[in-house]
Amino acid sequence: MASSSGKVSDQRLVVTRFAPSPTGFLHIGNARTGLFSWLYARHLGGKALLRIEDTDKKRSTQEAIDVILEGLDWLGLEFDEEPVYQSERADRHAEVAMKLLENGQAYKCFASSEELAEMREQQKAKKQPLRYDGRWRDRDPSEAPEGAPFTIRIKTPEGGETVIEDAVQGRVKVDNREIDDFILLRADGTPTYMLAVVVDDMDMNCTHIIRGDDHLNNAFRQIQVIRAMQGIEDGWEEPTYAHVPLIHGNDGAKLSKRHGALGVRDYRDMGILPEALFNYLLRLGWGHGDQEEFSREEAIALFDINGVNKGPSRFDMKKLLSMNGNYIRAADDARLASLVAPLIGPDADQALLTKAMPELKTRARDLNELAEGASFLFKQRPLELTEKAASLLDDEAKQRLSAISERLQAETDWTIEALEASLKAYAEELELGLGKLAQPLRAALTGQTTSPGIFDVLVLLGREESLARINDQAGG
Ligand code: GLU
């Protein structure tokens, strides 16, 4: 892939970065661009780096940072170096601003905020675009009052255009008149976001910037800093940009709270498996033929920026759940048991859960459903029946339960086959379908109207518990 100033040389190690801001949660849209960055580095045997953009002191609490780290860890995105904390690098950001100043690529602007507000008012009145008009660009600082506060602004090119060969968007360009001389360093000496991002990207030797397309406009500005620094320091090579379209909701609007959960943690709490979310986010905006599911290894082998769609993708909860169901069925039973046990409570026995898992997992679309489906195993007698289950146990059904109990007590071989043969024989005697017997039996054994196959239930509960539960409900 080419960047606007030429190719990233083949010899350079590919370095990507994920640069989330701690906002209190790890937005799934960000997680997706994080995943793409990570996969791209892994695909090319490069380095995947993480930078925490924690310059907003109010929001960037340790807790907010931990949510991000924990979410990435849960998704299995491990990075190749310790995270870089942007807030710790303010001195370096300021140093770059000062170098640009010394080299005539930036200048001091003494315009007061009142003056700038007035400038904007005038631009508004004339229906002009609102941008800094360069009023200090060619003035001598000696014209400013003694000790007046100043910002440092970059000198952006006055004519021509800036072109980006974006790996996702294709060729995008902007007229340089649209790029004003933006602030690098505020009057209090703190760096702006625009400066910090690009200095960090360069110091981390990033070759590829893969991020949401809401940052495309920033790229045109960040490139100005890179170009201005090229004659001043080594290592300021333009990276390849890949601006990935944002995720939209089912209605086509940008994904927001209104569409449902946004945080990776919310999906974990909904009982989504990390590999399912990984796969779903991968497929959201990236494809490889018709293939729907990819193992982590396959994803690494196949991922390429070329496969990223140009158009926005739509988040579809139903599809995620159905994919999650597939991953649940493919998951190791003991692992599922360990994930589900805490959702059931202290009575949940992992060994029994593991044994029951092949049956339990055939239906569930998320871990909470799995826990719900498994909870009958650990209920205390006498069972509390759901209303629907209770309605199945009329007098006739209760009598049949008594008869079933008698037959099963005589059963010495407590296996699916033997139990099935025994109940089938009874159903035939009554000239009833097996289902008619199974329904009340299920109600008595599980307290519910849905469960794994009835013979599995009998075997999983064991002879003693099964008979006790049946007898609790039997009558007549
Ligand atoms: N911190 C920015 C964000 O969370 C990302 C900056 C970047 O990727 O350049 O939106």
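First listed ligand is number 1; within each ligand, the first listed atom is number 1. The chain is numbered in sequence order, starting from 1. Worth knowing before you read on, the calculation uses all heavy atoms, side chains too, and leaves out hydrogens, waters and symmetry mates.
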Practice prompt. Measure from atom 9 (O) of ligand 1 to every heavy atom in Q86, R211, Q222 and give the option owning the shortest one.
Written response: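 The nearest heavy atom belongs to R211.
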Worksheet item: Are R153 and Y132 in a cation-pi contact, defined as NZ or CZ under 6.0 Å from the six-membered ring centre and within 45° of the axis?
Response: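 Yes, R153 lies over the aromatic ring of Y132.
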Item to complete: Assess F18 for proximity to ligand 1: is some non-hydrogen atom of it under 4.0 Å away?
Response: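 False for this residue.
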Item to complete: Would you sort out whether D251 and H259 count as a side-chain hydrogen bond (donor to acceptor under 3.5 Å, both in side chains), showing the intermediate values?
Response: CA-CA 9 Å; D251 55 1; H259 295 104; 2.7 Å; yes
Discussion item. With a heavy-atom distance limit of 4.0 Å, tell me whether Y241 approaches ligand 1 through its side chain, its backbone, both, or neither.
Written reply: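 No part of Y241 comes within reach of ligand 1.
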Return the residue, atom name and 0.1 Å-rounded distance of the protein heavy atom closest to [atom].
| atom | value |
| --- | --- |
| atom 8 (O) of ligand 1 | R17 NH1, 2.7 Å |
| atom 10 (O) of ligand 1 | H215 NE2, 3.0 Å |
| atom 6 (C) of ligand 1 | Y193 OH, 3.0 Å |

Worksheet item: Considering only heavy atoms of V197, which atoms of ligand 1 have at least one such atom less than 4.0 Å away?
Response: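 Listed by number with element: 9 (O).
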Worksheet item: Does any N or O atom in A19 lie less than 3.5 angstrom from one in ligand 1, N or O only?
Response: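 Yes: some nitrogen or oxygen of A19 is under 3.5 Å from one in ligand 1.
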Item to complete: Assess the pair W136 and Y107: is the distance between their ring centroids shorter than 6.0 Å?
Response: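 Centroid distance W136-Y107: not below 6.0 Å, so no.
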Discussion item. Between K355 and Q350, is there a side-chain donor-acceptor contact under 3.5 Å, judged purely by atom types and distance?
Written reply: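 Side-chain D/A pair, Q350 to K355: absent.
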Practice prompt. Give the C-alpha distance, both sets of side-chain angles, the deciding distance and a yes or no for ring-ring contact (aromatic ring centres under 6.0 Å, His included) between W286 and F294.
Written response: CA-CA 12 Å; W286 177 83; F294 299 83; 5.3 Å; yes
